[in-house]
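Note sheet for the following structure.
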Amino acid sequence: MLLVLSPDQDLFRDTTVRLLADRAPLSRLRQLQTDPAGYEPGYWTAGAELGWTSLLVSEADGGGNLSGDGLVDLSIVAYEFGRHAAPGPLVDTSVVASALSRHDGEALKAALGEILSGAAAACCMGVTPWQPNRPATIDIRRDGDQLVINGTARPVESAGQAQYLLVTGNAAEGPTQVLTPKAAPGITIRPLKSLDVTRRFAEVVFQDVRVPATAFVGAYGGAADEVARQAQVAAVLLAAESVGAMEAAFAMTVQWAFDRYSFGRPLASYQALKHRFADMKSWLEASHAISDAAAAAVSANAADAAELVSAAKAYIGEYGVELAQDCVQLHGGIGVTAEHDLHFFLRRITLDRTLYGTPGDHRQRLADMAVGREKAA
Amino acid sequence: MLLVLSPDQDLFRDTTVRLLADRAPLSRLRQLQTDPAGYEPGYWTAGAELGWTSLLVSEADGGGNLSGDGLVDLSIVAYEFGRHAAPGPLVDTSVVASALSRHDGEALKAALGEILSGAAAACCMGVTPWQPNRPATIDIRRDGDQLVINGTARPVESAGQAQYLLVTGNAAEGPTQVLTPKAAPGITIRPLKSLDVTRRFAEVVFQDVRVPATAFVGAYGGAADEVARQAQVAAVLLAAESVGAMEAAFAMTVQWAFDRYSFGRPLASYQALKHRFADMKSWLEASHAISDAAAAAVSANAADAAELVSAAKAYIGEYGVELAQDCVQLHGGIGVTAEHDLHFFLRRITLDRTLYGTPGDHRQRLADMAVGREKAA
Amino acid sequence: MSAEMNEPIEDVEAFRLRARAWIGENMGPPQRGDLVRYYPDDAEELAAVTRDRGLQRRLYDGGFAGICFPRAYGGLGLTPAHQRAFNEELAGREFPSRLTVPTFTPCAAVLLDFGTEEQKLRHIPAILRGDEIWCQLLSEPGGGSDVAGATTSAVQDGDHWVINGSKVWTSGAWWGDYALCLARTNWHVSKHQGLTVFIVKLHQPGLEIGRIERLDGSTESCQEFLTDVRVPDSDRVGDVNEGWVVGTRWMFHERVGHNSPLVTMAAGAFRGGSGEPYVVRIAREGGQLDDPRTRDLIGEARTLDLVGRHLLRRLALGVPSGKLSEHSPAVGRLFGGIAAVRQSTIAFEIAGGAAGTWAEDDGATADVGMRFLMRQAACMGGGTTEISRNVIAERMLGMPREPSMDRNVAFRDVPRGPRQTATTEA
Amino acid sequence: MSAEMNEPIEDVEAFRLRARAWIGENMGPPQRGDLVRYYPDDAEELAAVTRDRGLQRRLYDGGFAGICFPRAYGGLGLTPAHQRAFNEELAGREFPSRLTVPTFTPCAAVLLDFGTEEQKLRHIPAILRGDEIWCQLLSEPGGGSDVAGATTSAVQDGDHWVINGSKVWTSGAWWGDYALCLARTNWHVSKHQGLTVFIVKLHQPGLEIGRIERLDGSTESCQEFLTDVRVPDSDRVGDVNEGWVVGTRWMFHERVGHNSPLVTMAAGAFRGGSGEPYVVRIAREGGQLDDPRTRDLIGEARTLDLVGRHLLRRLALGVPSGKLSEHSPAVGRLFGGIAAVRQSTIAFEIAGGAAGTWAEDDGATADVGMRFLMRQAACMGGGTTEISRNVIAERMLGMPREPSMDRNVAFRDVPRGPRQTATTEA
């Protein structure tokens, strides 16, 4: 996380932490493991009141940020979500809200209002340009004044809880995005199992779903840049979230090493373990650094944003998981039980690694960029 | 190395060790670093007298082995070559001698006699079916009673010292092998630099080199199986050699850890280092195991020989290098100097990894075999 | 075994042929869950345990149980080579997978090493018939790798002992019959001096068994609370306060684990559950079979499989013959743990974006993520990889032992935590 | 620096523009060997050193030397942000790469921290002009990571000190001018209590400099033998027997290394010599650019590059501001060493079969194997990665220090080896 927060950011972080500790402590999340939403009513609207949903939305649309860099501000929330293994559709709702804020249209703005207030959640699907082996299989075609959607998207976070779906599909003219109410006829939601117990995922099937042309987000066939931008935003938030979860797992394990005695000595006194903690600390600091750099670059639309996002997802995906698993190992048997809290963070980090491009996917992208630059040079 | 040696093997090993210690100690090898051969006259013939060149050759041809498994016997020599960073064309001469022993022809048998006695060294080129990205570029075509060879092979071990070259080339009908005296007109040898200082490599260029049909080793266009077999033999010997070098590097570093004091304590008392030694020990024992298994399987023409050879080259290539480099690290600054002996073994292991298929090449082969079996099942 | 030395031993290859024929007729294919040991409900798990007992009985009735056990206790008195041949013939078949570890080793192995004649006669034949499943009451909450630091206490009361304390990580205690239990019988001497081992019946008053839920939802592992559990002195294994003599062999047998010649199992069955066929299957399901990166990972998984197999063979040959240190099984344990972790990671990597979420009907990919979450279990059970590294460095390479604060100190005075004061017996 | 605080400081962006213009006119492209620091013969190496002195002089004459050095000693008295801006503008250009470390840091940094006013006035301006190249007489043969265990002795003789002993791993001592030398001045107190630091002229009677040949054939690194080398007391840095106070800062400055605000260098110049363009070049030469495995490796190398760069920025921001522990540079040092090793390995892996042997005209692939052989050097120089891990665990995370046998013991009685008896001063 950022080394230096402005007073506004500091306050915002504090209130976020208080809300999470109050409404979504791990003890509560345990009870909600089989709950369809994973959080209790009112939690999400309370977060929306704090500003979770507003940071990527322009003031004209009722949003607003703290520092001028809304995504940087939001990455603070994402970090705390990771540190608390918090539930709720933060990533998807943020992506959809920012997309709607960038486009005109009465229907879109009405939906945006609902999302901002927390009354409605939203999710986006098919925004995975980094998973070449799993291409989106949603088709969108025109039929007179209407658009017809067919296909399947998976995994879609919080689809069960969302009222709006931002659908990315292939039209004959190119990538196209439309916003549809989830209640539209022809939409089927099938819950999926997932590694995480605090988040919810589903498969969404569209069968001749018809929406009016006002549902367009951006131009027909011209959503490629918008989709790329959305994917960057989502990846930045996932990265920040993973760093938060890494921090929590690491802190918990350092404490464990001081408290646990073996052969009459604290674990923290064994050099072989000390050196592993040192390695983990270096991964953790490096993850903070690249996560913050990616957030700042995407927020500023910097030239190296794409590279930094891929480096963040590649590095944090790889080392986040190794850190979490080494924390498990250092805990011993208790580390693989459901009883201990560690697994909440292990799950979060592991699942985040699989979303919006695996480390392998992002390394291919980094190579593409490196080779491209080389050729140009 | 083998856990249990027969009395014959034990004696043979002892005499080999004595010869190496006597004729090629590291102090001598240092002096011979810039020598064109890397060993002194008489060394190789003395080894041949011991039997280094005979083990893969039938008794009818003047060879003979100790245990019935000539390649297993020879792997003992290769292991000791690694443990002593010994010079000399062991791998290539063995491969060529065994190939000549398996084929008839007066010219071939005459050359075999010279090789057996150590009077001539031999090398083989183009036997790299495991390096798909570096296909052999030697062409062999018929021209009446003669064969015409064109192309380049690289790297070829001991080409500068050899009197005979076993050439693998592509003929219109398929892979073909011929034995040619190195003195044949049209052959150019260009020495290469290498990571090792005790072995010699060259690039060999053939320009319209003409040899009589009696030079054939096997059938025109029908050498594929023979080539595969030769590559397995070479890989087995390189693996055994690397294990010997690993053993030497490891033993030297364990001793160092006992002798070197830091902060008033021997390095061997630091748990972080102890655990690294334990990891290295596990790599070393695993390398012994797979090296021996591969030697036995190839010697017996077992069904899993190809898999075991690739597993040995993949594993030992990867972990041998990691072990050697960790030995360097544990030595500290002295480990990267030419003054200390460690580098002889680091060089040997590192170069062996690049010969007859890198770990990556062999992993592809293992996958091919695993997928093939799966499909067949 | 001296009585048996007078009789000629059946030739290994003849034995193999006989085994092949018998196995062909008697042992079917393995069933789902045999190796993963995860069942969605208890009834199904109990049924699997009952089936395993039946399979063991089938081996016994067929004359193939306890191949390396002495004939005096119902075994065949044959050699490790016979056991290996039998296991090879059993490859790809069902076998009583829940009885291998810990019933046959370390439990039966410890009984053979230290049990009284009466104890052996009472339990070994019953184990070979599938009548008794054994567990290890060894680890304790907060005890970690330091098993000799047991604080479960046993106090003598006439010709009985009264045991109080808690044990944990006991696989299958809820469906097991007996256990070896390591308890402290003297707190006034140093750690290794005051231990004693007992045979404890698992289902009896005062012994409460709780289930531990793991990350993957399985609840095979248990925690036990012992309250005034009375054990007759005739169920003591080894001498009073000499429990660490027993414990050392116990740990040794545990490290040897499935590679023990006492264990009947299909060759290759436990070899990296996520080994070759599994990773290939995941690659195929994900349409990744032709990706060179995936092939690289498959090749790596396969390398670890093959190397691990031959490493175990080397150890199996070298330890009994004295060519390798008796502590060498720690090398196999370390390699196996690290290899299994890597193989789980490879499977997870190949599955890529599909590993995080799944539908029940997803095939092999459905459990790849959960296996990955659980991957470190391979570096914990049977002694952690950290302990293996200590053993290799200190016992095999002779490096200085770690300083410990619990040697030459009365156990009651050993530091057990920053805030805790020393615990004493009740 | 209080005098300077009265003047307004030039805006960073204005400074950057001025620097850009000046660099564009004055600093050419880097030359072969500038970063690898390997020359086939000494004459060529000396010429490169002379060129570096000239480059430093050019910076000085241009008004850009010593950006963060106090103006009193010839520097500009500006901020780390100015230095960073200058380094960024210098990206891709030549710079005096042999003067960065150890001349500017740790040597000049230590002089600024502990030198007398007279020492600073004598040496800092000379360093900024390129007239003095400094070395570190720090490590000793057999001393390893324990630099405070120095056995080079200094004995007072009137207003001089007489130094005897041997130092090793001194980069460029044969062409350097001065050195900081850590010596033992009291053997009867514990290790850290009896050290003193001196300024030593490198080329003088009694100071013999030998060259050490490394694996890659380079001989830049030296070993020195000091025999009755006389140093005036005015060349002592810090108090007598307080050398470890100096030494601690010395180590700190060394760990910060090229990331010090005292160092002028082209941004990115030392960032993993085998980083992105290099691995891409090797892949192209080998015809591997389209292989997904190769791309995976290129992506990994690139990831480490980018992450490493931003980690250093984080540390550069966090340490001075107090948000991160003052020991945090150890994190950067550890990451950098591990990343460099991995990047060397990646390059080696991509080169595949071509990495073992080469012809001189092979292009980038020609030295990939040799770089791989030398890869661990990145985890040794400037304090080993092992020491970094100790620092992180003990100083940053507060874990218990390693027991050491040399605390609270007179240094002469510290064990130094299994066979050695304690060494004492001559």
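Throughout, a chain's letter reflects where its sequence line sits, starting with A, and its residues are numbered from 1. For the numbers below, each heavy atom of this structure counts, side chains included, while hydrogens, waters and symmetry mates do not. If you're wondering where the values come from, they're calculated on a predicted model, not measured in any experiment.
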Where on [X] is there a heavy atom nearer than 4.5 Å to chain D: the side chain, the backbone, both, or neither?
| X | value |
| --- | --- |
| B:Gln364 | side chain |
| B:Ile334 | both |
| B:Arg276 | side chain |
| B:Arg199 | neither |

request  = Identify which one of D:Glu220, D:Gln223, D:Glu224 satisfies the side chain to side chain contact (heavy atoms under 4.5 Å, CB included) criterion when paired with D:Thr170.
outcome  =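 Only one of D:Glu220, D:Gln223, D:Glu224 forms a side chain to side chain contact (heavy atoms under 4.5 Å, CB included) with D:Thr170, namely D:Glu224.
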
Are a donor atom and an acceptor atom from the side chains of [X] and [Y] found within less than 3.5 Å of each other?
| X | Y | value |
| --- | --- | --- |
| D:Ser166 | D:Glu140 | no |
| B:Asp352 | B:Ser242 | yes |
| D:Thr219 | D:Glu213 | no |

Check this for me, if you would: do [X] and [Y] make a salt bridge, where the nitrogen-to-carboxylate-oxygen distance has to be below 4.0 angstrom?
| X | Y | value |
| --- | --- | --- |
| D:Glu402 | B:Arg265 | yes |
| D:Arg375 | B:Glu322 | yes |
| D:Glu349 | B:Arg363 | yes |
| B:Arg190 | B:Glu203 | yes |
| B:Arg200 | B:Asp35 | no |
| B:Arg348 | B:Glu241 | yes |
| D:Arg371 | D:Asp216 | no |

query = So which of B:Leu195, B:Leu192, B:Thr337 has the biggest tally of heavy-atom pairs under 4.5 Å with chain D?
reply =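 Option with the top pair count is B:Leu195.
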
With only heavy atoms counted, which part of [X] is less than 4.5 Å from chain B, the side chain, the backbone, both or neither?
| X | value |
| --- | --- |
| D:Ile212 | side chain |
| D:Trp358 | both |
| D:Asp362 | side chain |
| D:Pro403 | both |
| D:Phe348 | side chain |

request  = With chain D as the partner chain, list the residues of residues 325-332 of chain B whose heavy atoms fall under 4.5 Å from it, by residue number, and write 'none' if nothing qualifies.
outcome  =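 Interface residues of residues 325-332 of chain B: B:Gln325, B:Val328, B:Gln329, B:Gly332.
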
key: Distance-minimising heavy-atom pair for B:Tyr270 and B:Ser262   =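 Closest approach of B:Tyr270 to B:Ser262: OH-O, 2.8 Å.
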
query = Pick from D:Glu386, D:Lys191, D:Arg389: which one has the most heavy-atom pairs with chain B under 4.5 Å?
reply =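 So the answer, after comparing D:Glu386, D:Lys191, D:Arg389, is D:Glu386.
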
ask   = Which one of D:Gly381, D:Ala359, D:Ser221 has the most heavy-atom pairs closer than 4.5 Å to chain B?
value =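 Looking at each option in turn, the highest pair count goes to D:Ala359.
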
